[in-house]
Amino acid sequence: MNKKAKPAPHYIVGIDLGTTHTVVAYAPLAAVEGGQAGIRVFDIDQLVAPGEVAALPLLPSVRFHPAEGEMAASALQLPWPANTGNAGQPPAVIGEWARRLGAQVPGRLVASAKSWLSHAAVDRLAPILPWGAPDDVPKISPVEASASYLHHVRSAWNARFPDSPLERQQLWLTVPASFDEGARALTLSAARQASLPQLRLLEEPQAAFHDWLLRHQGRLDTELAQTRRVLVCDVGGGTTDLSLIDVDMPEDGGPPRLTRVGVGNHLMLGGDNMDLALAHAVEARMGGTPGAPLSASRLAQL
């Protein structure tokens with residue numbers, strides 16, 4: 001007996017699972033195939049206060065682990081069933097309200113999971129986040145944290161488009177070009193945990209250059225007339241990513257052929273590091289006990 005055919009995807013969806021923020025863009029697949037992109041940003045439902053939900057273009061890639069009994073179930077209610085797909089994970093607030101809570105309560109905010117995902121010096125499958133948190137704070141692994149953000153995106157999408165579930169669309173997930181095979185495999189593992197098993201990875205600098213090409217598509221022959229190699233520098237929340245892309249302009253006037261010919265070393269240098277440098281500068285001027293730095297949780301709060 002033939003299995004029932006799966007519905008064809010209606011949208012092409014791009015997910016940027018960032019160190020500090022996650023963003024989703026989409027377009028009808030038929031429009032893209034017809035040469036008309038019609039790209040839109042998907043506003044993601046998330047908690048912004050107790051029991052208050054707002055659809056925002058950015059989902060902060062953070063989760064806050066409240067103390068047991070600290071928050072009523074009604075304060076955590078989202079437009080989809082609670083804990084769906086989060087079996088085994090501690091209760092958490094994800095997104096904008098989590099970011100605000102983390103600035104108020106030290107030691108309970110999971111942040112920069114993507115940077116930990118590429119940190120080969122730690123066990124990225126072990127429950128190590130929030131880093132430096134007290135023993136009574138529930139912890140999860142960088143892979144589980146990343147999966148929870150993707151699961152939140154999936155839940156928000158499916159609540160908005162119940163007839164076009166995200167897992168059935170044509171999906172692209174961006175990763176730093178400098179991610180090694182281990183970090184890429186862990187990213188795919190996080191996607192599978194979020195029930196998004198069928199997707200393709202796209203290197204972030206290439207995605208940025210494709211966006212530039214789209215914005216200049218009417219004058220590429222002049223914009224790239226004297227250009228045969230492009231350096232894309234992507235300074236993100238956790239990494240700086242460099243890519244060299246060769247550009248071949250066909251004589252028949254067709255679209256340029258692009259070949260990524262090189263990437264930089266994995267540089268753990270981004271917005272997080274700039275924040276940390278500022279925090280250390282402030283720490284030194286706070287007038288505390290000389291030679292007694294802040295604890296990991298207090299420094300994270302700062």
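When a residue number appears, it is its place in the shown sequence, counting from 1. Bear in mind the structure is a predicted one, so any value in this text is a computation, not a measurement. All heavy atoms count here, side chains included; hydrogens, waters and symmetry mates do not.
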Return the [atom1] to [atom2] distance between [X] and [Y], rounded to the nearest 0.5 Å.
{"X": "L166", "Y": "H151", "atom1": "CG", "atom2": "NE2", "result": "11.0 Å"}
{"X": "I94", "Y": "Y149", "atom1": "CD1", "atom2": "OH", "result": "6.5 Å"}
{"X": "L101", "Y": "E70", "atom1": "CG", "atom2": "CD", "result": "7.5 Å"}
{"X": "I15", "Y": "L202", "atom1": "CD1", "atom2": "CG", "result": "12.0 Å"}
{"X": "Q170", "Y": "L29", "atom1": "CD", "atom2": "CG", "result": "5.5 Å"}
{"X": "L171", "Y": "R154", "atom1": "CG", "atom2": "CZ", "result": "10.5 Å"}

Indicate yes or no: at least one non-hydrogen side-chain atom of [X] is less than 4.5 angstrom from one of [Y].
{"X": "V110", "Y": "W131", "value": "no"}
{"X": "T20", "Y": "D272", "value": "yes"}
{"X": "L59", "Y": "Q46", "value": "yes"}

What I want to check is whether the side chains of [X] and [Y] have a donor and an acceptor closer together than 3.5 Å.
{"X": "S118", "Y": "H266", "answer": "yes"}
{"X": "R63", "Y": "S148", "answer": "yes"}
{"X": "S112", "Y": "T19", "answer": "no"}

Where is the tightest heavy-atom contact between [X] and [Y], given as atom of each residue plus distance?
{"X": "V143", "Y": "S189", "result": "CG1-OG, 4.1 Å"}
{"X": "A75", "Y": "W97", "result": "O-CZ3, 3.7 Å"}
{"X": "G264", "Y": "S178", "result": "O-CB, 3.7 Å"}
{"X": "P57", "Y": "V23", "result": "O-CG2, 3.4 Å"}

Would T22 and D16 satisfy side chain to side chain contact (heavy atoms under 4.5 Å, CB included), going step by step from the backbone distance to the final call?
CA-CA 6 Å; T22 294; D16 181 3; over 6 Å; no
Given the side-chain rings of W80 and H152, with only the six-membered ring counted for Trp, is the space between their centroids under 6.0 Å?
yes
Taking the six-membered ring where the residue is Trp, are the ring centres of W157 and Y26 under 6.0 Å apart?
yes
Is L213 isolated, or which residues cluster with it under the ILVMFWY side-chain rule of less than 4.5 Å, directly or via members?
F209, W212, L220, L224, V230, V232, I245, V247, M249, L258
Is the number of heavy atoms from other residues, nucleotides or ligands under 6.0 Å of [X] [atom1] greater than 12?
{"X": "R168", "atom1": "CZ", "value": "no"}
{"X": "Q198", "atom1": "CD", "value": "no"}
{"X": "R219", "atom1": "CZ", "value": "yes"}
{"X": "N265", "atom1": "CG", "value": "no"}
{"X": "Q104", "atom1": "CD", "value": "yes"}

Restricting to side chain to side chain contact (heavy atoms under 4.5 Å, CB included), what partner residues turn up for P162, sequence neighbours left out?
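With sequence neighbours excluded, P162 shows a side chain to side chain contact (heavy atoms under 4.5 Å, CB included) to no residue whatsoever.
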Could you pull out all residues at least two apart from L267 that satisfy side chain to side chain contact (heavy atoms under 4.5 Å, CB included)?
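Counting only residues at least two positions away or on another chain, L267 forms a side chain to side chain contact (heavy atoms under 4.5 Å, CB included) with T240.
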Hphob cluster co-occupancy, L173 + V24, side-chain heavy atoms under 4.5 angstrom:
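In one cluster: yes.
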Flag yes if L150 and L186 sit in one hydrophobic cluster, no otherwise; membership is Ile, Leu, Val, Met, Phe, Trp, Tyr, and two members link when side-chain heavy atoms are under 4.5 Å apart.
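Hydrophobic grouping puts L150 apart from L186.
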May I ask you to say whether [X] pairs ionically with [Y], meaning some side-chain N is under 4.0 Å from a carboxylate O?
{"X": "D45", "Y": "R160", "value": "yes"}
{"X": "R215", "Y": "D211", "value": "yes"}
{"X": "E204", "Y": "K114", "value": "yes"}

